Each structure stands twice: as C-alpha cells, then as structure tokens.
Amino acid sequence: RWYEKIAVSYTGQLSNSITTKEDRLFHSNLIRDWRNGMQHNIPITASFTVLDYINVTPSFNFTDRMYTNKIMRSWDVVKQREVGDTIYGFNNVYNWNVSISANTKFYGMWIPNRKLFGDKIQAIRHVLSPSITFSYAPDFSSRRYGYYDSYLKTDADGNVSYVEYSPYQSSLYGAPGKGRTGNVTFSLGNNLEMKLKSEDDSTGFKKISLIDKLNLTMSYNMAAKVHPLSDLRAELTLKLWKNYTFNLNAVFASYAYDLDANGMPYVGNRTLWGMGKFGRFQGMSQNISYTLNPEKIKKLFGGGGDDNKDKKHKDDEGIDTNIESNIDDKMIEGQRGARRKSGGGMAETDEDGYMKYSMPWTLTFGYGITMRENTDVKKFNYRTMRFPYMFSQTLNVTGNLRISDGWNISFTSGYDFDARKISLTTASLQRDLHCFNMSCSVVLAPHPSYNFTFRANASTLTDALKYDKRSGGTSAVQWY
C-alpha cells in the first residue's frame, strides 16, 4: 500500500547549561541564570516508483524550538555600544522546508570486437545515474514571523546604519536562517567497469573499475535575484590499485568576470554557458595518504607469516575486514580489548606458554595539494579576463600505538608549505576502562593547551556522566 512507504520520525532535545563558580551553582536561578531550551525535529519522508524505473522521494522537515527568554538589542549612542535587554517568557521558534527528488539509472554495454581485441575483455559497462531535486523554504526573517528585528546604529561621526539581528541568535539552538530558497539541483553520476577473463576467480571472470565515480552537480536558485546559477562541481574517484583510491574535486565557475567603471574586475551577471564557453576552472583539491603498520612492513621487506588466519579472539563489534581500508584491525581490536568477554580476559600466549609480545602501531602520511585562483587584482590578466592560479600544499602525519589492551597513544602533526612552519601538533593518551573511557590530549604547537575527559561509554550516559577539564582559551599553559 502506498501509505506504508511513508516514514515519520521524531527527535527531541532538552538542554540546560550554566557557566558559573562552584559556590554559586546551587544558588542560581533556573530561568534567569541557566541557558535552557527544547528542540523538536519531525522529518517525514516517502519513496515511490513511477513508471517502474523512476524513484521519487518527497520529504518534509519541521523543526521547532522552545526558549524561556529572548534578547532585544539596541544601540546606546552615549556609550557607543550595543546593549541587550533580556525578556523572560515562553518563546516558540519554528521553521520548515520541503523537497522532492527523482532519480533513475541508465545502463549501457559495449562488447569489443573479438577480432580486434580478442576474448580477454568480455564487456565494458557504463552506468549513468541522473537525478533532479527541488527544495523550498520560506524566508523566516520576514516580519510576520517575528524571528528577526532591527535597530538604527549611529556612530560617533554621525553615520547611521541599519543593523538586523535575531533575538534568539544567542539561544541554545539558534534561529532559523534568513532568505527564501527554491533550489533545483541537477546531478549526473557516472560509473565505468570492465569485465575480464580471470583464472584466479572461481567464476572465471573479474571486474575492474575504470571510473569508480564521476559526479557532476549544479543547482539553480529560483528565489535568488543575483547569480541564481551555482558553480559546476565535479568529483572523480578512481581505484588505481587495491589499497589506494584517487579522489579529485574540481569547481567550474558559471559567471564571467566583468570590469567596473574604475576598471576593476568583479564577477558579473553574464554566464559563460550563455556565451558558448565552458565554466571557468576555479581550482581543484587532491589528497594522497598511505598507512604503514607491522603487517605492511613484513610484506614490503619479506618474512613473517599471516597471524590473522588462526586468530583466537573475535570481536563481534569489530570492523569488516573484507572492506578495503587503511584501518589497522589489531588497533581496533585493542581499543575494544577491555570490553572483550571471551576467554575470561586472559592474555594470548604462544606455544611455550609465554605471553605473546604485541604492540600494534600505525603511521599514516597524508599529502594534500590545492589549486585555486589568485584573486590579487594586480595579477589579473585583462586580455584573457582571468586570474592566475596558485598552489598550496600540506603534509600531515598521524600515528597510533597500542601499548597494551585498552591503552592507546596517538599523535598528529604536519607541515604547512605556504607558512613554512609546523602545523597543529597534538598528542593524546586514551584508556578504556570497560564502562568508562579516560582520555587526555595535549596541543604542543602552535598554542599549547590540554584537555582531560572522563566519561561513560554508554551513549545514553556519555553526556550526563562525565568530567571535563581543559585549559582556557585565554590562560596560557606553562611547561616546567
């Protein structure tokens, strides 16, 4: 039945928080001193099939916020500063949006000529996945909702300006966004695979991914008065080999540059597509990472057997080892070692009865490069109406060491080639205490700080049963 395809869910949040001194905590007023609020989320979704091949998914989302106060703001001309007046009472703030999407798949198969290509390549399949989505949300900054207000600001020089604000912008769950939206989003996905003969596979064939993913996305905002057409975003994913996937993201601008009355370049209202040109390439980003662990070291330099074949302890909460990943299975098992119940928690021993020495570790190196436009006006090319490109590079290093079951040490650092200095460097120590988790992290550079946390592992208690101690943003940490 059609109504069985409709799903309705509800999520509610009630929060009270206060920042105060210990001796003032029990003398505080729940309404005036505490930040409190309640939020309700009600998403309604459905999924239908039209003409047997088109999947249509409508959705409606409703969010409601309840506050016990609001802050009305004004400008003090004498003191030249903004002042707030807190008004207590029940306040209800809501917003909603609706969307509908349609998608389908087209399959194309190409069988090579046997006389030209032989019988090694069986077929090449191309999967085309177009989709279109329409979403709408009204302008909740409109006066009739009452979620936004304004005041006149007069500075010391007598200049008058108009300041718009929301009385609920400092509340726990904020205020609805400004502006009406009516987006139509177009997306086109591509997947290309090749089927080969293989003696290694039991079926006699194997599939090779030529293009794992090539997605093109663009949207049009019917409610926007300026630049309604978005940029074209492209995403490319290639599986070059088993343990490495190549990802590339690129952006192509839709609007061409124009010159103002002073000859300065700016993004105009003419689209490059309307001029018969392809979108202006704005830049791309690419990240490459590789993880080292003891197993990979053995494979690279030889020696060592596969100890995972006859593993005695299995963790039902562990990761799926059939998935291609850089995650170290032993590291994940060690993080859950204190929770393991099988075997009575006894350590694993070798054939002579001695405890097996095992200290799994991982070391991940990541390199990222970003290409983008250098929007320095002095470097603008008036002949091609383009800005030159500039590159930025980063190098990241992440390590993890399990010194025993439940004890983990990790660190993160890197190097910024543009700034020519060490990037954010952190080190952390984690202890799994079965029902509780204790962790301590230290930021070593560029601004030293620390954070100590002790909390329950149960998801229902993790926010209620916890202890946090951290250095403040203004208090410097002195190392002795």
Side-chain angles (χ1 to χ4, degrees), residues 126-131 133 183-193 208-221 227-258 265-268 270-291 324-326 364-398 412-421 423-424:
H126 180 207
V127 181
L128 197 65
S129 304
S131 68
T133 303
N183 283 328
V184 180
T185 304
F186 305 92
S187 178
L188 183 63
N190 293 270
N191 175 268
L192 197 63
E193 291 182 339
I208 296 178
S209 175
L210 301 178
I211 300 178
D212 193 61
K213 180 172 62 175
L214 175 58
N215 289 351
L216 304 174
T217 306
M218 179 178 283
S219 64
Y220 184 86
N221 188 357
H227 297 167
L229 192 64
S230 72
D231 297 334
L232 174 64
R233 299 186 178 276
E235 182 181 1
L236 175 65
T237 301
L238 302 175
K239 288 187 177 180
L240 299 182
W241 59 83
K242 183 177 180 180
N243 293 324
Y244 175 68
T245 301
F246 176 85
N247 295 293
L248 180 67
N249 298 307
V251 179
F252 299 88
S254 297
Y255 293 92
Y257 286 117
D258 280 336
Y266 72 99
V267 179
R270 297 184 304 165
T271 63
L272 291 164
W273 316 103
M275 299 166 59
K277 299 180 181 179
F278 196 77
R280 183 181 70 255
F281 180 66
Q282 282 192 303
M284 63 86 183
S285 61
Q286 217 289 306
N287 292 284
I288 301 174
S289 64
Y290 187 78
T291 300
E324 295 179 6
S325 172
N326 285 331
T364 302
F365 299 91
Y367 172 76
I369 182 170
T370 302
M371 177 184 179
R372 64 182 186 276
E373 286 183 312
N374 185 355
T375 54
D376 187 356
V377 179
K378 298 179 181 179
K379 298 182 179 181
F380 184 75
N381 191 325
Y382 289 90
R383 183 179 62 84
T384 61
M385 296 296 290
R386 295 285 184 90
F387 282 103
Y389 296 102
M390 61 182 298
F391 294 87
S392 60
Q393 305 174 75
T394 57
L395 178 66
N396 299 311
V397 181
T398 302
T412 302
S413 186
Y415 183 78
D416 190 337
F417 290 91
D418 294 338
R420 296 183 179 180
K421 62 180 182 180
S423 59
L424 183 67

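All figures in this text were calculated on a predicted structure; none of them were measured in a lab.
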*Taking only residues two or more places apart in sequence or in another chain, which ones pass side-chain contact (heavy atoms from CB on, under 4.5 Å) with Asn221?*
Asn183, Ala223, Ala224

*If you look at every heavy atom in Ala256 and Met275, which pair is closest and at what distance?*
CB-SD, 4.1 Å

*With sequence neighbours left out, what residues match Tyr220 under ring-ring contact (aromatic ring centres under 6.0 Å, His included)?*
none

*How would you list, by chain and number, every residue that makes a ring-ring contact (aromatic ring centres under 6.0 Å, His included) with Tyr266, sequence neighbours excluded?*
none

*Nearest 0.5 Å, what's the OH-CG distance between Tyr415 and Leu395?*
10.0 Å

*Are side-chain N/O atoms of Ser219 and Ser230 paired as donor and acceptor at under 3.5 Å?*
yes

*Which residues pass the side-chain contact (heavy atoms from CB on, under 4.5 Å) test with Leu192, sequence neighbours left out?*
Ile124, His126, Leu210, Ile211

_Results of salt bridge (Lys or Arg N to Asp or Glu O under 4.0 Å) for Arg233 - residues two or more places apart only_ = none

*Could you pull out the closest heavy-atom pair between Ile369 and Phe391, with the gap in Å?*
CD1-CD2, 4.0 Å

_Do Val251 and Met284 have side chains that approach each other closer than 4.5 Å (heavy atoms only, starting at C-beta)?_
no

*Determine yes or no for a side-chain-to-main-chain donor-acceptor pair under 3.5 angstrom, with Asn381 supplying the side chain and Thr384 the backbone.*
yes

_Leu128 vs Leu188, test: side chain to side chain contact (heavy atoms under 4.5 Å, CB included). Steps then yes/no._
CA-CA 7 Å; Leu128 197 65; Leu188 183 63; 3.6 Å; yes

_Validation row: Pro265, Tyr382 side chains within 4.5 angstrom (heavy atoms)_ = yes

*Heavy-atom closest pair, residues Ala253 and Leu272*: O-CD1, 3.6 Å

*Side-chain heavy atoms of Glu235 within contact of Leu214, under 4.5 Å*: no

*Distance-only, no hydrogens or angles: does the Tyr255 side chain make a donor-acceptor pair with backbone N or O of Asp231 under 3.5 Å?*
no

*Do Thr291 and Thr364 have a side chain donor and acceptor closer than 3.5 Å?*
yes

*Is the shortest heavy-atom distance from the side chain of Thr185 to the side chain of Thr217 under 4.5 Å?*
yes

*asked:* Ring of Tyr257, cation from Arg280 - is the NZ or CZ under 6.0 Å from the centre and inside 45° of the axis?
replied: yes

*asked:* Within the 4.5 Å heavy-atom criterion, are Asn374 and Tyr389 side-chain neighbours or not?
replied: no

*At what distance, to the nearest 0.5 angstrom, does CG of Asn247 lie from OG1 of Thr237?*
4.5 Å

*So do Asn190 and Asn215 actually touch side chain to side chain, heavy atoms under 4.5 Å?*
no

_Within the 4.5 Å heavy-atom criterion, are Phe380 and Met385 side-chain neighbours or not?_
yes

*Would you say Ser423's side chain and Gly414's backbone share a donor-acceptor pair under 3.5 angstrom?*
yes

*Where is the tightest heavy-atom contact between Phe365 and Val397, given as atom of each residue plus distance?*
CD2-CG2, 3.9 Å

*Which distance, rounded to the nearest 0.5 Å, do you find between the OG1 of Thr394 and the CG of Asn287?*
6.5 Å

*Apply side chain to side chain contact (heavy atoms under 4.5 Å, CB included) to Glu193 and Ile208, showing your working.*
CA-CA 6 Å; Glu193 291 182 339; Ile208 296 178; over 6 Å; no

*asked:* I'd like to check the ring-ring contact (aromatic ring centres under 6.0 Å, His included) partners of Phe252; sequence neighbours left out, ordered by chain and number.
replied: Phe278, Phe281

_Exercise: do Arg372 and Ser392 side chains pair donor with acceptor under 3.5 Å_ = yes

*With the threshold set at 4.0 Å, does a side-chain nitrogen-carboxylate oxygen contact exist between Asp258 and Arg270?*
yes

*First locate atom OG1 of Thr271, then atom CG of Leu229, and finally report the distance between them rounded to the nearest 0.5 Å.*
7.0 Å

*Any side-chain donor-acceptor pair under 3.5 Å between Gln393 and Tyr367?*
yes

*Drop me the distance from Ser209's OG to Asn191's CG, to the nearest 0.5 angstrom.*
6.0 Å

*asked:* Quick check for you: to the nearest 0.5 Å, what is the distance between Lys213 atom NZ and Ser129 atom OG?
replied: 11.5 Å

*Side chains of Trp273 and Ser254: closer than 4.5 Å at any heavy-atom pair?*
yes

